[in-house]
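Since the structure comes first, as structure tokens, the remarks are kept for the end.
Source: prediction; values computed, not measured. In listed order, ligands and their atoms are each counted from 1.
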Amino acid sequence: MRQKIVAGNWKMNKTYEEALQLASALLSTFEQHDTPLPKIILCPPFPYLADMVNLTKNNSRFSVGAQNCSEHQWGAYTGEVSAPMLKSIGVKYVILGHSERRQYFGEEGPLLAQKVDAALANNLTPIFCCGESLIVREDNKQNDLVKSQVEEALFHLPAEGIKKIVIAYEPVWAIGTGKTATAQQAQEMHAVIRKHIAGRYGKETAESISVLYGGSVNAANAKELFACADVDGGLVGGASLKPNEFVEIIRAGSN
Ligand code: PEP
């Protein structure tokens, strides 16, 4: 269902104590009854997930997401973490196709399609990331690239499946660089993604999907970005590690 979402991708940061402190600071800022606020998803490293689920369980504004999962369910895959495992500890979301996974771990379309299937089969909501590099944007090929990323990983799904996906448009040139896409650039790409989904699944389905923006979102730019018609909130990296900044970004996602 299309809803405003602010998700924090903590990547490979924070000790266990620091992670709990950060989550506790957010929980004490946003009480269960505060309105209006976006859905808040915390995506800490794997070892902290179970305790994070426990810590947030009494505040329905908060959900917990993993930063990746295996395409396999079980078996001899040393070092991997599977969707059934995540489900068994109460994780609700999983980031898939993040540009760092694509760049450093060679994850691409067909594999991501399998990971999406594994997540959905276990009632996890994929936060599927797509986005172009700087070279692609300089070549003005960003729309084709992003459309093909979406197609490769998601278009095998039936309409009921794609309705369960959250998409995050994250231009690679804006991730961790301090360079944010302008609100106009974000809106343009989000509209392209939605139109592409509408072409395959119909307008109603496309309108039901949350499309988040990610790439150097901070307290100063979040409001303008989140106000765009097709931007349903953000996937936030660096700024989600700083409690005060992340609180402001979450507030910027209020309707
Ligand atoms: C990300 O890694 O998903 C991200 C958007 O990072 P940052 O906000 O630091 O650019």
Ligand 1 to H98, heavy atom cutoff 4.0 Å, flagged ligand atoms 1 (C), 2 (O), 3 (O)
Show which atoms of ligand 1 fall inside a sub-4.0 Å distance from at least one heavy-atom site of G238. 7 (P), 8 (O), 9 (O)
Atom indices of ligand 1, in the order listed, that fall short of 4.0 Å to a heavy atom of E170: 1 (C), 3 (O), 4 (C), 5 (C)
Counting only heavy atoms, which portion of I175 has something under 4.0 Å from ligand 1: side chain, backbone, both, or neither? both
Atoms in ligand 1 with a heavy atom of G176 nearer than 4.0 Å: 7 (P), 9 (O), 10 (O)
Are any of the side-chain nitrogens in R102 or E107 under 4.0 Å away from the carboxylate oxygens of its partner? no
If you look at every heavy atom in I165 and I209, which pair is closest and at what distance? O-CG2, 3.5 Å
Just to check, does A174 reach to within less than 4.0 Å of ligand 1 when the distance is taken from its heavy atoms? yes
Do E132 and W173 get their side chains close enough for a donor-acceptor pair, meaning under 3.5 Å? yes
Numbered atoms and elements of ligand 1 in range of G215, under 4.0 angstrom, heavy atoms: 5 (C), 10 (O)
Y213 and F226 aromatic centres sub-6.0 Å: no
Of all the atoms in ligand 1, which lie at a distance below 4.0 Å from a heavy atom belonging to S216? 7 (P), 8 (O), 10 (O)
Can you name the closest pair of heavy atoms from R2 and A229 and give their distance? NH2-O, 2.9 Å
Less than 4.5 Å apart, side chain to side chain, heavy atoms only: is that true for I193 and I167? yes
Looking at every non-hydrogen atom in both residues, tell me the closest pair between V94 and C69 and how far apart they are. CG2-N, 3.9 Å
Please determine if V236 has a nitrogen or oxygen closer than 3.5 Å to a nitrogen or oxygen of ligand 1. no
N/O to N/O below 3.5 Å, does that happen between T177 and ligand 1? no
Note the single closest protein heavy atom to atom 4 (C) of ligand 1, along with its residue, its atom name and the distance in Å. G237 N, 3.6 Å
Can D232 and R194 be counted as an ion pair, charged N to O under 4.0 angstrom? yes
Nearest protein heavy atom to atom 2 (O) of ligand 1, by residue and atom, and its distance? K11 NZ, 2.6 Å
